[in-house]
Amino acid sequence: MTVGNETKKRVKEFVGKVVSNKMDKTVVVTVERKFPHPLYEKQVKKTKKFYAHDEENKCNEGDIVRIRESRPLSKLKRWVVVEIIQSAKK
């Protein structure tokens, strides 16, 4: 989408589950997507892991979080935790 000379970029956001929080200020989030198989039309699940920045170390394993794309923060980190949607049950 262009507005005059400026280009407006859509920010990618995903909702996923925290798998690991062992690193300092970093969490690993798995995002699952479902889609129909191109030929057989059965629902297929694909998961992908994202390294996300968690500034206050608030996230725990099992939390459902929303992550947003950002500038590269390290070799693998390109996402930031925006909010914790649901805390893990203990």
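Treat the numbers as computed from the prediction; the structure is a model and nothing was measured.
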Remaining members of the apolar cluster that contains Met23, side-chain heavy atoms under 4.5 Å: Val28, Tyr51, Leu76
Residue pairs passing the side chain to side chain donor-acceptor pair (under 3.5 Å) test where at least one lies in residues 11-21, sequence neighbours excluded: Glu13-Arg68
Where at least one partner belongs to residues 70-82, residue pairs that pass salt bridge (charged side-chain N to carboxylate O under 4.0 Å, His left out), sequence neighbours excluded: none
Salt bridge (charged side-chain N to carboxylate O under 4.0 Å, His left out) partners of residues 48-65, not counting sequence neighbours, each pair once: Lys22-Glu61, Lys25-Glu55, Glu56-Lys58
Residues that, via side-chain heavy atoms closer than 4.5 angstrom, fall in one hydrophobic cluster with Ile85: Val15, Ile64
Closest heavy-atom pair and its distance - Gly62, Ala88: C-CB, 3.7 Å
Members sharing Ile67's hydrophobic cluster (side chains within less than 4.5 Å): Phe14, Val18, Val27, Val29, Val31, Phe50, Val65, Trp79, Val81, Ile84
Pairs touching residues 31-44 that satisfy side chain to side chain donor-acceptor pair (under 3.5 Å), sequence neighbours left out: none
Residues clustered with Val19, ILVMFWY side-chain links under 4.5 angstrom: none
